[in-house]
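Below: the structure, in structure tokens.
All chains are named by letter (A, B, ...) in the order of the sequence lines, taking the proteins before the strands, and each is independently numbered beginning at 1.
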Amino acid sequence: MSRYGASPLHLLAHVRVPAGIAGVLLLVYLPGITGKGDPVLEGVSGRTLDGALEAWLLITAALFAVSAVLYGVRRQRRA
Amino acid sequence: MAAEPAAPTISRRGLLAFVGAGSAAILITGAGQSVGGPLRRLAVLAPRGGDQGGGAEFPINKTARNAGVTPAMTGADYRLVLAAGGRELQLTRDDLLALSQRTETLPIACVEGWTATRGWTGVPLAALAAMAGVPPGELLVESLQPRGVLNQATLSRDQVADERSLLALTVEGEPLSLDHGYPARIIVPALPGVHCTKWVAALRFAA
């Protein structure tokens, strides 16, 4: 037990963590997700990043879903 | 430091896990860009390679279109120039295929950061040196690619003499695709991918 009591259960944390991870992925893969990098990439590699936006949205949705489930489980345990 | 800090909204352990999860997300989405095999499919946000036609699913470094290599340059009029000591031979792709072939499993290790190990079949560079009438020596490789710093590369005597060094015509039993260097490309052990010249137009051996 720390001096602040049990580890905090805050809804904010369960929004912040998936948003943070999705934000990092967005920042790193921005040229692909926006499609702005496609002309250069196609010349270099012969393929475009069609589907990167959808993939990022799916990953983001999955992160929030997992976080919501964890939040629910943690609340149940404390109730 | 605040005298009476607000109650924390995340534990120290939680914060460390947050940072770790962010790093893991980058690792998982990036691994498939460097490593081949099943991991390649994890790179959903920035995919490389995959089936792009021509039977070779490994990534392309530079497309023929970007390099300025057209199908006309690699068609029926294509001749490989084999030069040494002022003498010159011209070979069609069929002539090359009629020579004794050798298959080697070698990686293309691209400076872009990916590696793909494949089975390459073609004519050993040492055999081509012998055909040109010289012992293995320094070799200037010229590409059909009309411009750019990678339209030629020099190989050392040791690289030419290594029996695994090939002028590759096929990869994994399929003819090279145009984007992978058809009609012929260089593949040499432990040579950066950018020096494994694609669309080889001429091999000039030091006499």
Side-chain angles (χ1 to χ4, degrees), chain A residues 1-64 66-67 70-71 74 78, chain B residues 4-30 32-33 40-54 56-68 110-114 116 148 150 177-180 194:
Chain A
M1 195 72 70
S2 76
R3 58 188 274 223
Y4 293 114
S7 76
L9 175 57
H10 232 276
L11 183 60
L12 177 64
H14 281 262
V15 174
R16 192 162 47 193
V17 170
I21 297 171
V24 164
L25 290 176
L26 178 66
L27 191 65
V28 169
Y29 294 103
L30 193 65
I33 291 169
T34 60
K36 294 242 190 271
D38 272 357
V40 173
L41 185 79
E42 192 170 10
V44 170
S45 74
R47 62 175 297 166
T48 61
L49 291 171
D50 286 344
L53 174 63
E54 289 79 357
W56 179 76
L57 289 173
L58 278 174
I59 290 168
T60 302
L63 288 170
F64 274 98
V66 169
S67 185
L70 285 177
Y71 180 71
R74 291 177 76 192
R78 284 171 200 231
Chain B
E4 286 182 43
T9 56
I10 191 166
S11 64
R12 177 158 44 191
R13 192 175 296 176
L15 184 63
L16 284 172
F18 185 14
V19 174
S23 303
I26 298 299
L27 177 70
I28 291 166
T29 55
Q33 292 186 289
R40 197 75 91 199
R41 286 163 43 195
L42 283 178
V44 287
L45 292 173
R48 293 301 308 265
D51 187 11
Q52 295 177 249
E57 86 313 335
F58 56 96
I60 293 162
N61 167 286
K62 177 181 256 191
T63 59
R65 202 194 60 191
N66 246 31
C110 185
V111 292
E112 287 177 343
W114 52 265
L150 298 175
S177 69
L178 185 58
D179 283 334
H180 280 307
V194 287

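- Looking only at heavy-atom pairs under 4.5 Å with chain A, the residue among B:Gly30, B:Gly14, B:Pro47 that has the most is B:Pro47.
- Side-chain contact check for B:Thr29 versus A:Val28: every heavy-atom pair is 4.5 Å or farther apart.
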Going through the distances and angles, do B:Val44 and A:Leu58 end up as a side chain to side chain contact (heavy atoms under 4.5 Å, CB included)? CA-CA 11 Å; B:Val44 287; A:Leu58 278 174; over 6 Å; no

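- With a threshold of 4.5 angstrom between heavy atoms, A:Leu11 does not approach chain B through any atom at all.
- Taken to the nearest 0.5 Å, the CG atom of B:Leu45 stands 11.5 Å off from the CG atom of A:Leu30.
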Derivation and outcome, side chain to side chain contact (heavy atoms under 4.5 Å, CB included), residues B:Phe18 and A:Ile21: CA-CA 8 Å; B:Phe18 185 14; A:Ile21 297 171; 4.1 Å; yes

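- Counting only residues at least two apart or in different chains, side chain to side chain donor-acceptor pair (under 3.5 Å) contacts with residues 14-26 of chain A comprise A:His14-A:Ser67, A:His14-A:Arg74, A:Arg16-B:Thr9.
- With a 4.5 angstrom heavy-atom cutoff, A:Val17 touches chain B via backbone and side-chain atoms both.
- In this structure, B:Glu112 and A:Val44 approach most closely via the heavy-atom pair OE2-CG1, 3.2 Å.
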